[in-house]
Participant: 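My questions all concern the structure below.
Given the structure is predicted, the values throughout are model-derived calculations rather than measurements. Below, each value reflects all heavy atoms present in this structure, side chains not excepted, and no hydrogens, waters or symmetry copies.
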Amino acid sequence: MFLSSRIGRSAAAALLTTGALLGAAAPIAAQPCLTEGCTAQRTAVQAPDGPRAGSAVATPRPGALSVARARGLPLGTVVTVEGSVTTPSGAFASSFGDQGFGLQDRTAGIYVSLPTDVDAAPYRHVRVTGTLQDKSGLLTLVPSGRSDVELGDRGRAVKPRWVRTAAVGERTEGRLVTVAGRVTQAPTSDLPYGYKFSVDDGSGELLVFVNVETDIDVSGLKQGDVVRVTGFSSQFGTHYEIDPRGPRDLAVIGS
């Protein structure tokens, strides 16, 4: 469960022409709907009433589904997926209220929710069995215990996908993405969970949420700065956001 009192978190300057910063950003392929009626299964987003809630691997071993296929199955389904870790264990603990991590394969990504730290670190290979659950809008995979998480050796690096700020949504959810845009709303405190600010590349405003555990310093960031942000494509309630993982994921590239 995600933390209840979370309030709704809703390259360079030379590229900022005609209101479009990333005109050549790669489009995101839609995730398949593999079961009848699955489009409607997540339309009723849970209210935030509890703790908050490609590239890398070879073909999954027998018994494992691709992450995209798993994402298309009904909530409550038990699935096994494999991929590379994209976010360290507990990087988002202040707002997610757990010690989970991101996982991504060639097809899609997903958040694995765990109450304890399993020392998952990018870009380690991992195989996870768990139940699909919706936590405050974010699709998560919830193992029944630590034994359902098999950490392997370091795999191939997951490269973030460049997207427009307005393209961050259901199709990117669970992936590692990068955007570049102008800060439209300067950082504000949402402690004890973290800090938030908004960016826009001309396509639409996007919320960036900085968790306390990431040690990212946003004190010098101001409205009008042009920034590059890499992070986990997430959702809270009815809005989408990027959650950077550490200081290297946020850079000022213009003003």
Side-chain angles (χ1 to χ4, degrees), residues 1-3 6 8-10 28-54 56-57 60 64-87 89 91-93 95-115 120 126-144 148-149 158 161 163 167-177 206-207 209 211 231-243 245:
M1 300 276 306
F2 290 132
L3 295 172
R6 278 271 305 160
R9 306 187 314 170
S10 134
I28 301 296
Q31 296 175 15
C33 182
L34 300 177
T35 58
E36 184 177 358
C38 73
T39 301
Q41 288 164 2
R42 297 191 62 218
T43 55
V45 176
Q46 295 180 6
D49 56 357
R52 231 195 79 107
V57 301
L65 301 177
S66 71
V67 176
R69 181 175 178 83
R71 290 186 65 92
L73 297 175
L75 297 177
T77 303
V78 176
V79 299
T80 298
V81 297
E82 292 184 22
S84 285
V85 175
T86 55
T87 71
S89 291
F92 308 141
S95 63
F96 281 41
D98 65 14
Q99 296 293 318
F101 59 90
L103 176 158
Q104 185 172 322
D105 68 2
R106 297 176 187 273
T107 66
I110 197 167
Y111 185 78
V112 179
S113 179
L114 288 160
V126 63
R127 180 182 174 100
V128 181
T129 298
T131 304
L132 295 170
Q133 295 185 17
D134 186 310
K135 295 189 175 181
S136 299
L138 179 67
L139 182 64
T140 61
L141 184 60
V142 184
S144 61
D148 287 331
V149 179
V158 177
R161 176 174 290 189
V163 297
V168 175
E170 196 66 31
R171 292 181 178 181
T172 65
E173 187 186 283
R175 286 184 176 272
L176 202 59
V177 298
L206 171 66
L207 184 73
F209 194 84
N211 285 267
F232 182 78
S233 178
S234 188
Q235 181 178 359
F236 178 62
T238 58
H239 78 264
Y240 297 95
E241 64 191 41
I242 286 184
D243 300 338
R245 304 160 296 173

Participant: Nearest 0.5 Å, please: how far is CG in L103 from OG1 in T87?
Facilitator: 9.5 Å
Participant: Identify the heavy atoms of P74 and L132 that sit nearest to each other, and give their distance.
Facilitator: O-CD1, 3.8 Å
Participant: When rounded to the nearest 0.5 angstrom, what distance separates CD in Q133 from CG in L138?
Facilitator: 11.5 Å
Participant: Looking at every heavy atom in both A93 and Q99, which two are closest together, and how far apart are they?
Facilitator: CB-NE2, 3.8 Å
Participant: Do any N or O atoms from the side chain of R245 and from the backbone of T86 form a donor-acceptor pair under 3.5 angstrom?
Facilitator: yes
Participant: Considering all heavy atoms of both residues, which atom of A91 and which atom of N211 are nearest to each other, and what is their separation?
Facilitator: O-CB, 3.7 Å
Participant: If I compare all heavy atoms of L114 with all of F101, which pair ends up nearest, and what's the gap?
Facilitator: CD1-CE2, 3.7 Å
Participant: What heavy-atom pair brings S233 and G169 nearest, and what distance separates the two atoms?
Facilitator: OG-O, 4.1 Å
Participant: Before giving the answer on side chain to side chain contact (heavy atoms under 4.5 Å, CB included), spell out for R127 and T80 the whole-Å C-alpha distance, their side-chain angles and the decisive distance to 0.1 Å.
Facilitator: CA-CA 7 Å; R127 180 182 174 100; T80 298; 3.7 Å; yes
Participant: With rounding to the nearest 0.5 angstrom, report the CG to CG distance, L73 to L65.
Facilitator: 6.5 Å
Participant: Among V78, V112, T131, which residue satisfies the side chain to side chain contact (heavy atoms under 4.5 Å, CB included) criterion with P143?
Facilitator: V112
Participant: Starting at CG of L141, measure out to OG1 of T129 and round the result to the nearest 0.5 Å.
Facilitator: 8.0 Å
Participant: Heavy atoms only: give me the nearest A167-V163 pair and the separation to one decimal.
Facilitator: CB-CB, 4.2 Å
Participant: What about the rings of Y111 and F96, do their centers lie closer together than 6.0 Å?
Facilitator: yes
Participant: Do the non-hydrogen side-chain atoms of S234 and F209 ever get within less than 4.5 Å of each other?
Facilitator: no
Participant: Would you check if D105 and E82 make a side-chain contact, meaning some heavy-atom pair closer than 4.5 Å?
Facilitator: no
Participant: With a 3.5 Å distance limit and no angle check, can you tell me whether D148 reaches the backbone of G130 through a side-chain donor-acceptor pair?
Facilitator: no
Participant: Within the distance-only criterion (no hydrogens, no angle test), does the side chain of T172 pair as donor or acceptor with the backbone N or O of R175 below 3.5 angstrom?
Facilitator: no
Participant: Got a second to check how far I242's CD1 is from L176's CG, nearest 0.5 Å?
Facilitator: 9.0 Å
Participant: Quick check: does any side chain N or O of T107 sit under 3.5 Å from a backbone N or O of S66, one acting as donor and the other as acceptor?
Facilitator: no
Participant: Is Q235 reaching over with its side chain to a backbone N or O of G237, donor-acceptor style, under 3.5 angstrom?
Facilitator: yes
Participant: Supply the atom-to-atom distance L139 CG to R71 CZ, rounded to the nearest 0.5 angstrom.
Facilitator: 4.5 Å
